[in-house]
Amino acid sequence: MSEEKLPTRAENYSEWYNQVVLRAEMADYAPVRGCMVVRPYGWSLWENIQGSLDRRFKATGHTNAAFPLLIPMSFLQKEKEHVEGFSPELAVVTHGGGSELEEPLVVRPTSETIIGYMYSKWVKSYRDLPILINQWGNVVRWEMRTRLFLRTLEFYWQEGHTAHATAEEAEEETRKILDIYTKFAVDDGAVPVIQGRKSETEKFAGAVRSYAIEAMMGDTRALQSATSHNLGQNFAKAFDIRYLDPNNELQYAWTTSWGLSTRFVGAIIMTHGDDQGLILPPKLAPIQVVIIPIYKNDEEQSKVMETVERVKRELSAFRIHVDDRPGFTPGFKYNEWELRGIPLRIEIGPKDVEKGTVAFARRDRPGKAGKSFVQQTNLSGQVAEMLIDIHASLFSRALAFRNANIFEPRTYDELKEIVQGGWAFSWWCGNKDCEAKIKEDTKATTRCIPLEQPGGTGRCIVCGEPANEKAYIARSY
RNA sequence: CGGGGCGUGGCGCAGUCCGGCUAGCGCGCUUGCAUGGGGUGCAAGAGGUCGGAGGUUCAAAUCCUCUCGCCCCGACCA
């Protein structure tokens with residue numbers, strides 16, 4: 001950790017973000033342009049994200065499998081919109097084993113095609129449906145401009161791919177997953193999100209309908225945090241996924257796909273972080289509680305460490321770390337663990353040993369405001385309560401921030417003003433041209449048409465034509 | 001791909017315009033002593049073919065030519 005001061009978010013948000021990621025040791029730049037190394041601390045956070053989602057998927061009947069990294073180029077070309085959407089950003093393997101390949105292989109940018117191919121082999125009867133498979137893996141998209149976690153050439157994610165007998169079932173699945181993502185974001189990440197439908201121009205290449213959860217970052221820009229797509233029969237037709245129904249009639253299946261990526265790590269950082277650095281939500285934090293022993297000689301050390309060891313055992317239900325590195329002052333350690341976002345710090349020094357107390361310092365309230373001295377009795381219960389409270393306060397703070405930065409423009413000029421530093425929520429006729437005009441004028445895009453609508457009708461904020469839905473419009477990552 | 005910037009110990013930089021001692025500085029690292037309840041102090045060390053190739057010159061981090069790479073801003077996106 002070289003420089004002592006982090007740039008503040010107000011000074012330079014994107015520099016703040018980069019430095020937090022690097023200095024908290026979440027990730028580092030790899031020797032390949034646009035690629036990152038996820039360091040142990042960042043990966044540990046990702047593993048907790050994985051664990052939570054994986055349990056939720058399995059609880060709803062999904063199972064995991066693994067499909068190849070390399071996909072024949074011709075597969076991508078089978079679905080028209082899909083190939084148009086992805087071909088500009090494909091990494092293509094043309095040589096293998098020293099000779100040129102007969103058919104180039106693409107490094108998967110997403111796996112609808114190769115999974116569709118396999119599903120066509122596996123699905124023969126309505127009894128084979130539904131197929132509910134998820135895959136944890138990595139994909140490559142040759143992005144032009146990259147940011148650690150938010151957009152890298154290679155990223156890690158889960159991609160679920162399901163096939164169903166009816167359109168209704170596929171839609172139900174798509175929405176069920178959207179709910180899972182939402183619950184995960186809110187209950188585990190403390191990240192408030194808005195569920196919505198993507199516009200035609202923003203939807204996934206090859207989907208009939210795309211849904212997403214959108215979150216507001218600390219600079220008010222929007223981040224699409226997960227998506228769930230109803231693919232209709234597009235891929236079933238492209239890959240011939242057909243089954244015989246109970247009436248012995250041949251039918252195309254209906255498929256879905258859905259994903260959440262390491263980008264969510266970026267969402268956590270930018271939703272909760274403050275000028276001291278990261279603030280990790282307690283349920284996902286790799287370390288929930290850090291204990292800092294304080295002493296100045298051997299005698300004090302042995303007394304303090306005795307208490308520290310006892311407290312550590314008592315808190316074994318939590319992810320806990322004792323920072324007993326010699327040669328670092330307590331103050332240095334406080335700052336370092338604050339930068340790294342540990343939700344709760346416990347300080348134990350000679351005075352605490354005497355009085356039978358420990359000091360709590362909650363990360364969501366830096367400085368003296370977050371400090372309290374508590375008795376050493378029932379520490380486990382006190383910590384549990386504190387972590388719940390931190391989660392709740394992180395969520396409500398983020399929600400309040402988001403609500404304070406959403407505005408309803410009355411005119412197009414107002415909209416242009418709003419999206420410079422917030423989200424606009426306004427009537428939109430659904431026309432692509434209006435969307436394009438907004439983007440052209442402001443760089444903001446329609447983030448989603450929220451599932452929760454106010455009802456009634458209005459006039460499109462751009463063209464003034466009748467509109468029956470409202471949309472969120474914002475600049476996004 | 002268009003525009004801008006930068007490559008000098010692990011990291012951040014100075015030195016380059018105007019060629020010339022042994023290539024400096026801060027942080028980090030190692031060792032020792034002190035310190036230890038909010039970014040500790042002192043001392044001694046280790047560590048560099050100046051992105052690469054070619055050229056000019058008595059002499060190149062510095063000038064010339066070519067080249068490679070990275071970062072930032074736009075078009076594309078989880």
Side-chain angles (χ1 to χ4, degrees), chain A residues 1-6 12 14-15 18-19 22-23 28-35 84-90 109-110 138-159 181 198 201-205 207 210 212-215 222-229 257-267 276-277 292-298 300-301 304 323-339 345-355 357-359 361 366-368 370-371 373 439-440 443 445 476-477:
Chain A
M1 234 141 298
S2 45
E3 304 98 306
E4 297 198 339
K5 280 275 184 190
L6 205 56
N12 186 341
S14 99
E15 190 54 28
N18 286 337
Q19 289 211 22
L22 294 170
R23 287 165 65 173
D28 201 352
Y29 291 105
V32 179
R33 182 193 79 85
C35 292
E84 279 172 11
F86 281 104
S87 58
E89 53 185 52
L90 293 178
T110 177
N138 54 341
V139 291
V140 168
R141 299 180 186 178
W142 216 263
E143 302 291 351
M144 308 212 169
R145 298 196 51 211
T146 56
R147 297 288 306 280
L148 293 167
F149 287 112
L150 299 177
R151 184 173 303 108
T152 44
L153 292 201
E154 180 188 17
F155 60 87
Y156 301 86
W157 72 345
Q158 57 70 218
E159 47 178 328
Y181 287 145
K198 285 287 175 180
T201 45
E202 295 285 329
K203 74 172 194 196
F204 177 75
S210 286
I213 51 173
E214 294 284 333
L223 185 77
Q224 178 176 305
S225 303
T227 47
S228 184
H229 313 293
S257 70
W258 26 276
L260 180 144
S261 75
T262 36
R263 177 179 250 199
F264 198 84
V265 172
Q276 312 297 317
I292 315 256
I294 297 159
Y295 48 78
K296 56 170 177 277
N297 53 44
D298 289 353
E300 283 187 3
Q301 175 174 7
V304 165
D323 185 357
D324 55 1
R325 288 176 298 172
F328 290 89
T329 60
F332 181 89
K333 292 176 181 177
Y334 299 167
N335 281 286
E336 180 165 301
W337 292 112
E338 280 169 12
L339 170 67
R345 179 177 74 238
I346 298 180
E347 306 162 10
I348 303 177
K351 291 177 201 163
D352 296 301
V353 174
E354 251 174 61
K355 293 188 207 159
T357 58
V358 301
K368 286 201 171 132
K371 273 214 191 183
F373 288 87
K439 190 173 179 183
E440 166 104 30
K443 290 183 195 168
T445 50
S476 72
Y477 277 98

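Note that these values count all heavy atoms, side chains included, but never hydrogens, waters or copies made by symmetry. Lettering of chains follows the sequences in order, A, B, ..., and the numbering in each one begins at 1.
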*Write down the distance between CG (A/N335) and P (B/rG37), rounded to a whole number of angstrom.*
12 Å

*Salt-bridge present (A/R23, A/E336; N to O < 4.0 Å)*: no

*Roughly how many Å is it from CH2 in A/W142 to C1' in B/rC76, rounded to a whole number?*
15 Å

*Dot-bracket notation for RNA chain B, counting Watson-Crick and G-U pairs under 3.5 Å, with | for partners on another strand*: ((((((((.[[[[.)....(...]]]].((((((.....)))))).....[[[[[..)....]]]]])))))))....

*asked:* Under 4.0 Å from OP1 or OP2 of B/rC76: is there any side-chain N or O of A/K439 that close?
replied: yes

*asked:* We want to know whether A/K296 and A/Q301 form a side-chain donor-acceptor pair, criterion being a heavy-atom distance below 3.5 angstrom.
replied: no

*Mind checking A/K351 for me? I need base, sugar-phosphate or nothing, with any heavy atom below 4.0 Å counting as a touch.*
base

*Are side-chain heavy atoms of A/L339 and A/Q276 found at a separation under 4.5 Å?*
no

*A/A359 and A/F373: which non-hydrogen atoms are nearest, and at how many Å?*
CB-CE2, 3.6 Å

*Among the candidates B/rG39, B/rC76, B/rG37, find the nucleotide nearest to the side-chain atoms of A/E143.*
B/rC76

*Between atom CD in A/E347 and atom P in B/rG38, what is the gap in whole Å?*
8 Å

*Is there a donor on the side chain of A/K371 or the base of B/rG38 sitting less than 3.5 Å from an acceptor on the other?*
yes

*Give A/D352 one of three labels, base, sugar-phosphate or nothing, depending on what nucleic acid heavy atoms sit under 4.0 Å from its own.*
base

*So, does A/K439 use its side chain to make a donor-acceptor pair with the main chain of A/K443 at under 3.5 Å?*
no

*Stacking between A/F155 and the base of B/rA78 (centre distance under 5.5 Å, interplanar angle under 30°)?*
yes

_Over all strands shown, is A/L260 touching base, sugar-phosphate only, or nothing at heavy-atom distances under 4.0 angstrom?_
nothing

*Residue whose closest nucleotide on RNA chain B lies nearer the 5' end, A/R33 versus A/F204*: A/R33

*Does a side-chain N-to-carboxylate-O contact under 4.0 Å join A/E214 and A/K198?*
yes

*asked:* Please report the distance, rounded to the nearest Å, between OH in A/Y181 and P in B/rA78.
replied: 13 Å

*Expressed as a whole number of Å, how far does the C1' atom of B/rC11 sit from that of B/rG47?*
13 Å

*Take A/Q276 and A/S476, find for each the nucleotide of RNA chain B with the closest heavy atom, and name the residue whose nucleotide sits nearer the 5' end.*
A/Q276

_N or O in side chain of A/T329 less than 4.0 angstrom from B/rG36 OP1/OP2_ = no

*Which part of the nucleic acid does A/T146 contact within heavy-atom distance under 4.0 Å: base, sugar-phosphate only, or nothing?*
nothing

*Is A/G327 touching bases, backbone alone, or none of the nucleic acid, heavy atoms closer than 4.0 Å?*
base

_Taking any heavy-atom pair under 4.0 Å as a contact, classify A/G259: base, sugar-phosphate, or nothing._
nothing

*Look at the side chain of A/E338 and the base of B/rG38, then say whether one donor and one acceptor between them are separated by less than 3.5 Å.*
yes

_Among B/rG37, B/rA78, B/rG36, which nucleotide has an atom closest to any side-chain atom of A/P350?_
B/rG37

*What integer distance in Å separates A/R325:CZ from B/rC29:C1'?*
15 Å

*Looking for any heavy atom pair under 4.0 Å, which part of the strands does A/R147 touch: base, sugar-phosphate only, or nothing?*
nothing

*Tell me: CD1 of A/I292 to C1' of B/rG39, nearest whole Å?*
12 Å

*With heavy atoms under 4.0 Å as the rule, sort A/P330 into base, sugar-phosphate or nothing.*
sugar-phosphate

*Which is true for A/Y295 with a 4.0 Å heavy-atom rule: it touches a base, it touches only sugar-phosphate, or it touches nothing?*
base

_Rounding to an integer number of Å, can you tell me how far A/D28 CG sits from B/rC70 P?_
15 Å

*Using a heavy-atom cut-off of under 4.0 Å over every strand shown, decide if A/S261 touches base, sugar-phosphate, or nothing.*
base

*Touch check for A/A359, heavy atoms < 4.0 angstrom, all strands: base, sugar-phosphate only, or nothing?*
base

_Please tell me if A/K443 has a side-chain N or O lying less than 4.0 Å from either OP1 or OP2 of B/rG74._
yes

*Within this structure, what is the CH2-to-P distance between A/W337 and B/rG38, rounded to whole angstrom?*
19 Å

_Exactly one of A/F155, A/Y156, A/F149 should register a side chain to side chain contact (heavy atoms under 4.5 Å, CB included) with A/T152. Which one does?_
A/F155

*Decide whether A/S257 and A/H229 meet the rule of one side-chain donor and one side-chain acceptor closer than 3.5 Å.*
no

*Would you call A/E347 and A/K371 a salt bridge, taking side-chain N to carboxylate O under 4.0 Å as the test?*
yes

*Say you pick atom C1' in B/rA61 and the same atom in B/rU8; how far apart are they, in whole Å?*
7 Å

